[in-house]
2 protein chains.
Amino acid sequence: MPTRAPQERRRRRPTAAGVLLSRELITETALRLIGEHGQEALSVRRLGAALGCDPSALYRYFRNTDELLLAVSDRIIGDAMTGFVPGPDWVASLREMALRVRDGYLAHPRAAAMASYRITRRENEFRAVETGVGLLLSAGFPPAHAVRLYLAFIDTVLGHAALDAACQALPRERREADEQAWTSAYRSVDPESYPALSEVRDELYAMAGSSFELAVDLLLDSLAARAAALRVRT
Amino acid sequence: MPTRAPQERRRRRPTAAGVLLSRELITETALRLIGEHGQEALSVRRLGAALGCDPSALYRYFRNTDELLLAVSDRIIGDAMTGFVPGPDWVASLREMALRVRDGYLAHPRAAAMASYRITRRENEFRAVETGVGLLLSAGFPPAHAVRLYLAFIDTVLGHAALDAACQALPRERREADEQAWTSAYRSVDPESYPALSEVRDELYAMAGSSFELAVDLLLDSLAARAAALRVRT
DNA sequence: ACTTTGCGTCAATGCCGTTGACATAAGGCG
DNA sequence: CGCCTTATGTCAACGGCATTGACGCAAAGT
């Protein structure tokens, strides 16, 4: 396996522009490109241009763009969770965990959009599950409940994060068109056919935003209520 | 109605292959293509081939591929919601709506991934929003709350549906490997490093399933609690 | 110093969405 | 019935995309 050897490269050769390529440098540059110029800035050709090398040189380091994006995703997850330590308040801790995951995804929307539903089964994921389940156990839930509730929690977080990231990853004009729909198309519906929509027409602008925090808070409220009910019963 | 009503076409002309094009036929064929061969099977050129017409003919019906995608997306919503009539119990009605949307997306797993986060601005989506917001208004929420809570609700539903659909769309062996991970890799972690995981090891198999219904029920519990609190306060 | 070979470069392939010019037949109108 | 307008299918072309195979140079290992 000449190209994707995980071990240190033995031969290194500067590009025409004098750059020394490496997997790290490539993933970093890809992240930077996405962050600076939006999602459509990431193509093999543009990445090559940004790195000062021929586009095809990247194939010495990644089998294809999918593998490159997975490498980028790995890095995102790691970045998001580093430094997180759960506190004594399990609800607040789960909340912070949710926000961290969301922020990590939103920082790199395009990569996130395609990575959210892929299970990495790596160190970082182990630690996240351990942390989340541990928090629910500390809340007093029995193991069977803790596992199921954690799944509901993390899927809600991931689902919302993926949705938000996917919106963010849309080309600017499409995203703006989608958002404007709530203050134009939706505002001017026929009151006869759509009475509820008409009644809330002055609030519809809120539909353009993200519901992430509200949804997480609603979910955590439910978890807190169930934990409290448990404590009363026992 | 601002639904950009594409008024009935007056002139119709068969393609070289003898097909009469229409928005309906095109969206149907697109949906079928995606379902049969994955979302990368959907390109203007392939769609043209499947329809027996020149690719550029499609631009007589849709301004670009994005608009076509929105039409496909709206059709999924329509299929999911046809025949749904909200009952007097708003919680039960929202629950049924959630399940219907989930099933609609699962019926087209590959299309769901690319459609879940878009705002179609079309009739079926109008009706769905009308229904959902109407239910929340009937629960006693003021307009501003109804809109925000509906967004949290539908995003939770769509987020979960997209996750489930994305898993469904994975190649069989990969999906089974992912599911088995919860009964193998995760079960055998080091108890010292991962105490919580070890404590729940006999329940981890549940992580392989979907948390959709539990998550929806948790959310609806929260909504019901807030509605009750509202009623007490007033 | 000599050989080996990793890897950057070049050129080419075959996709993709989209556009503008063109041709033709459908349908209104007299 | 025949003309005229125009909707709409077709064709050719453009520029961008990911990916590949051949090539040759220089770095590593001896």
Side-chain angles (χ1 to χ4, degrees), chain A residues 1-27 29-30 33-34 37-72 110-111 114 169-171 173-174, chain B residues 4-27 29-30 33-34 37-72 114:
Chain A
M1 42 143 76
T3 59
R4 60 205 75 86
Q7 68 258 24
E8 203 71 22
R9 308 223 150 205
R10 293 165 35 240
R11 311 234 180 153
R12 320 205 57 209
R13 201 178 144 187
T15 72
V19 184
L20 274 181
L21 296 180
S22 68
R23 284 176 87 105
E24 274 228 332
L25 179 62
I26 294 172
T27 54
T29 307
L33 264 189
I34 298 173
H37 304 104
Q39 69 299 330
E40 57 242 25
L42 188 62
S43 76
V44 177
R45 299 169 119 86
R46 271 194 268 253
L47 188 48
L51 283 161
C53 71
D54 189 90
S56 62
L58 304 178
Y59 290 87
R60 302 276 179 211
Y61 297 85
F62 299 94
R63 227 179 318 125
N64 50 40
T65 47
D66 191 67
E67 194 183 297
L68 166 60
L69 275 174
L70 282 185
V72 169
R110 191 187 182 188
M114 68 170 299
L170 282 175
E173 76 260 7
R174 277 180 202 164
Chain B
R4 71 172 67 232
Q7 69 265 18
E8 204 69 22
R9 306 228 156 200
R10 293 163 35 238
R11 315 236 179 148
R12 320 205 59 211
R13 202 179 146 185
T15 71
V19 184
L20 274 181
L21 295 181
S22 68
R23 285 175 103 101
E24 273 228 332
L25 180 62
I26 295 172
T27 53
T29 308
L33 264 190
I34 297 172
H37 305 104
Q39 74 186 52
E40 59 272 5
L42 186 63
S43 75
V44 177
R45 299 170 122 88
R46 268 194 271 252
L47 188 48
L51 282 162
C53 72
D54 189 272
S56 64
L58 303 178
Y59 289 86
R60 303 280 179 206
Y61 297 85
F62 299 94
R63 237 181 319 120
N64 49 40
T65 45
D66 190 61
E67 196 183 298
L68 166 61
L69 183 62
L70 288 183
V72 169
M114 55 201 285

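In what follows, chains carry the letters A, B, and so on, assigned in the order in which the sequence lines appear, proteins first and then strands, with residues in each chain numbered from 1.
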Give a yes/no on whether any side-chain N or O of [X] is located under 4.0 angstrom from OP1 or OP2 of [N].
X       : N      : answer
A:Tyr59 : C:dC7  : no
B:Ser56 : D:dG9  : no
B:Arg46 : C:dC16 : yes
B:Ser43 : C:dG17 : yes

Measure from the side chain of [X], starting at C-beta and using heavy atoms only, and say which of [options] lies closest.
X       : options               : value
B:Asp54 : D:dA18, C:dT9, D:dT10 : D:dT10
B:Arg45 : C:dT9, D:dT19, D:dA13 : D:dA13
A:Thr15 : D:dA18, C:dT9, D:dG9  : C:dT9

Whole angstroms only, please: what is the [atom1]-[atom2] distance between [X] and [N]?
X       : N      : atom1 : atom2 : result
A:Leu20 : C:dC7  : CG    : P     : 11 Å
A:Leu21 : D:dA27 : CG    : C1'   : 15 Å
B:Leu69 : C:dG17 : CG    : C1'   : 14 Å
B:Tyr61 : D:dG9  : OH    : C1'   : 9 Å
A:Phe62 : D:dT19 : CZ    : P     : 13 Å
A:Leu47 : D:dC17 : CG    : C1'   : 14 Å
B:Arg13 : C:dG27 : CZ    : C1'   : 13 Å
A:Arg63 : D:dT20 : CZ    : P     : 10 Å

For [X] versus [Y], what's the shortest heavy-atom pair and its separation?
X       : Y       : value
B:Thr27 : B:Ala71 : CG2-CB, 3.4 Å
B:Leu21 : B:Cys53 : CD1-SG, 4.0 Å
B:Leu47 : B:Thr29 : CD1-CG2, 3.8 Å

Original post:
In terms of the nearest nucleotide of DNA chain C, which residue is placed more toward the 5' end: B:Asn64 or A:Ala57?
Top reply: A:Ala57

Original post:
Atom CZ of B:Arg23 and atom CZ of B:Arg60: how far apart are they, to the nearest 0.5 Å?
Top reply: 14.0 Å

Subject >> Euclidean distance, A:Asn64 CG relative to A:Leu58 CG, rounded to 0.5 Å >> reply: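 Rounded to the nearest 0.5 Å, the CG-CG separation comes out at 11.5 Å.
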
Original post:
Between the base of D:dG9 and the side chain of B:Arg60, is there any donor-acceptor pair under 3.5 Å?
Top reply: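 Flag set: donor-acceptor pair detected.
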
